[in-house]
Amino acid sequence: MRLTRYFLPTLKDTPREAEIVSHRLMLRAGMIQQASAGIYSWLPLGFTVMKKIEQIVREEQNRAGWNEVLMPTIQSADFWKESGRYDDYGKEMLRIKDRHDRDMLYGPTNEELITDIFRTHVRSYKELPGRLYHIQWKFRDEVRPRFGVMRGREFLMKDAYSFDIDFESARRSYNRQFVAYLRTFDRMGLKAIPMAADSGPIGGDLSHEFIILADTGESEVFCHRDWLTTDAVPATIDYEGDLQPIVDACTARYAATDEKHDPATCPVAAEDLVNTRGIEVGHIFFFGTKYSKPLGAKIALPDGTEDFVQMGSYGVGVSRLVAGIIEASHDDNGIIWPEAVAPFKVGIVNLKVGDAACDAAAESLYDGFTTAGVEVLLDDTDNRAGAKLANMDLIGLPWQVVVGPRGIATNVVEVKNRKTGEKHEMSPEQALSKLTA
RNA sequence: CGGAGCGUAGCGCAGCCUGGUAGCGCACCACACUGGGGGUGUGGGGGUCGUGGGUUCGAAUCCCGCCGCUCCGACCA
């Protein structure tokens, strides 16, 4: 992509409304534009990153054995009346009426719809486990949206659901998601810690929030010091095998949200306990027959009797992750994208557009990267050098290749690693082979 | 939903207290000089001062209503 043809409205000044760093940087880097309170338009750079995150989530859900579907954003209130939640949900649910005066709503979540899909088509235990997910926009009319897309009213979320014959089987579904989440966040360059979370009225230990540590996080969390230095993600995973040892190993190391943490019973010595803040990027839990019962989702058992199906649900805040990754990865100059979610891998800066040698070298590099299938952004604008370099740091592409008249005279460009700040001079050919390897 | 604050050019702000017909920086346009970390000069363009009403000879400024947005708290992916 050439910057002269790319819609990237970066800002030098920080818009006043933005308080936390990810919100500031997303606005400054031209990723989003606020449409109204808690509702945002996604501009090209932000949209690209969000799609990359979405794709990683999708790949890992598929790998874990879930089938992707797509349920609508607008739902009939009928299902919610059936589950009893139409009255319970309160003002967070956006209620609307269609032209026939029917009660509709913009879905804040999808248990009702997914359960309806399941009950319509699945009659026998032989078809279990049922494993479906979708990635769809949600709307929750938060009293107080804040922090940009971190707590928007409209947000993109992956929600997966499982249907099992009994608790042991449900636990296996749960473990698959647990492990899939470890992989998902790890691929995005995040250390997401699974923390024991409030499991609500169902009880039991099958509820974990996946939290990335950040000072600006909304949740207060407690974890063992070892979490700060260890990596919990196994290199290879056999989803058909027994995942319990992996989950056990992970949950053996203490980590809990404040609602679950109790100093009186905490097994970790005070000097080993870290009390910090975090951002919830995922939440998995088992809720048994909470929805299958009111909605009548029953299956035939081997002995010919019927029973309600055991359900779990598993959410990842896709749009929130865009902000979460920035919170976890930035410096004073701007964003530092982990390569897996970077909008472009390489940014070429032509310091002197119009200079024949610089233009030729920059174009040649651009063609080389493009041909090699490396996503590249070429700054071919005629801004000043300082502005271009500052802008490139701001948008945080992992690698910068700086082409200037001084270096190109001796066939040298500068390759900079955005994260470490390391700069190395080399020929354009070497830069190409280094970054396409 | 309690508390606080803010709406003046695309962005950041001043002007308001003490009413007299709107200004600064950045950005934008033109030209010149410049050119390796957000340049310099000259000349331009752009604003029903959130909105409705009131007071007044006169309202961005004073008064009342409404709308929007943000922050702190309680609640949530």
Side-chain angles (χ1 to χ4, degrees), chain A residues 9-20 23-24 27-28 30 33-39 57 89-93 107-111 135-160 181 192 197-198 200 207-212 217-219 257 259 278-285 313-324 332-334 349-355 358 379 381-394 400-409 412-414 416 421 423 425:
Chain A
T10 57
L11 306 172
K12 218 161 123 181
D13 296 316
T14 302
R16 184 181 29 168
E17 72 266 18
E19 288 294 321
I20 67 167
H23 192 195
R24 285 201 297 263
L27 289 168
R28 286 193 54 213
Q33 176 165 328
Q34 183 171 46
S36 66
I39 302 177
V57 171
Y89 216 91
K91 298 183 93 171
E92 276 203 359
M93 185 155 73
T109 176
N110 288 70
E111 280 84 3
I135 301 172
Q136 178 64 291
W137 291 91
K138 307 288 188 287
F139 193 92
R140 295 185 189 172
D141 201 356
E142 300 275 348
V143 214
R144 191 185 153 207
R146 63 188 122 173
F147 304 148
V149 299
M150 190 77 83
R151 174 159 300 287
R153 291 194 292 172
E154 186 184 52
F155 58 97
L156 187 63
M157 175 174 158
K158 183 282 300 182
D159 40 322
Y181 277 30
D198 193 5
S207 176
H208 285 89
E209 289 183 12
F210 286 73
I211 288 182
I212 55 180
E218 288 190 275
S219 318
T257 61
E259 65 209 8
I279 300 164
E280 181 182 353
V281 289
H283 193 173
I284 60 177
F285 55 96
S313 88
Y314 317 91
V316 169
V318 174
S319 50
R320 170 181 286 185
L321 271 167
V322 179
D332 290 345
N333 295 326
V349 181
N350 182 351
L351 287 180
K352 192 167 185 182
V353 168
D355 177 279
C358 286
D379 187 345
T381 64
D382 61 359
N383 290 326
R384 299 179 63 80
K388 290 179 157 187
L389 294 168
N391 218 37
M392 198 54 85
D393 281 351
L394 172 63
Q400 298 173 11
V401 179
V402 179
V403 180
R406 220 146 66 197
I408 214 66
V412 163
V413 297
E414 184 182 276
K416 174 177 157 182
K423 300 174 185 175
E425 297 201 327

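So you know, we letter chains A, B, ... as the sequences are listed, proteins then strands, and number each from 1.
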Is [X] touching bases, backbone alone, or none of the nucleic acid, heavy atoms closer than 4.0 Å?
| X | answer |
| --- | --- |
| A:G404 | base |
| A:G152 | base |
| A:N391 | base |
| A:T14 | sugar-phosphate |
| A:M392 | nothing |
| A:K91 | sugar-phosphate |

Among [options], the nucleotide that comes nearest once only the side chain of [X] is considered:
| X | options | value |
| --- | --- | --- |
| A:R146 | B:G36, B:A77, B:G73 | B:G73 |
| A:V143 | B:C1, B:G38, B:C11 | B:C1 |
| A:R144 | B:A74, B:G36, B:C75 | B:A74 |
| A:F147 | B:G7, B:G37, B:C72 | B:C72 |
| A:E19 | B:G36, B:G38, B:C71 | B:C71 |

**OP:** Would you check if A:R320 and A:E280 make a side-chain contact, meaning some heavy-atom pair closer than 4.5 Å?
**Re:** yes
Shorter than 3.5 Å, N or O on both sides, protein versus nucleotides 26-35 of chain B: list them out with atom names.
{"unit_1": "B:U34", "atom_1": "O2", "unit_2": "A:R384", "atom_2": "NH1", "d": "2.7"}

Original post:
What heavy-atom pair brings A:R28 and A:L394 nearest, and what distance separates the two atoms?
Top reply: O-CD2, 3.5 Å
Sort me out a list of protein N/O and nucleotides 65-69 of chain B N/O pairs below 3.5 Å, or just none if empty.
{"unit_1": "B:C69", "atom_1": "OP1", "unit_2": "A:A37", "atom_2": "N", "d": "2.7"}

Subject >> Among A:T381, A:T10, A:D379, A:N383, the one residue meeting side chain to side chain donor-acceptor pair (under 3.5 Å) with A:N391 >> reply: A:T10
**OP:** Let me know the distance between CG of A:L11 and P of B:G10, rounded to the nearest Å.
**Re:** 13 Å
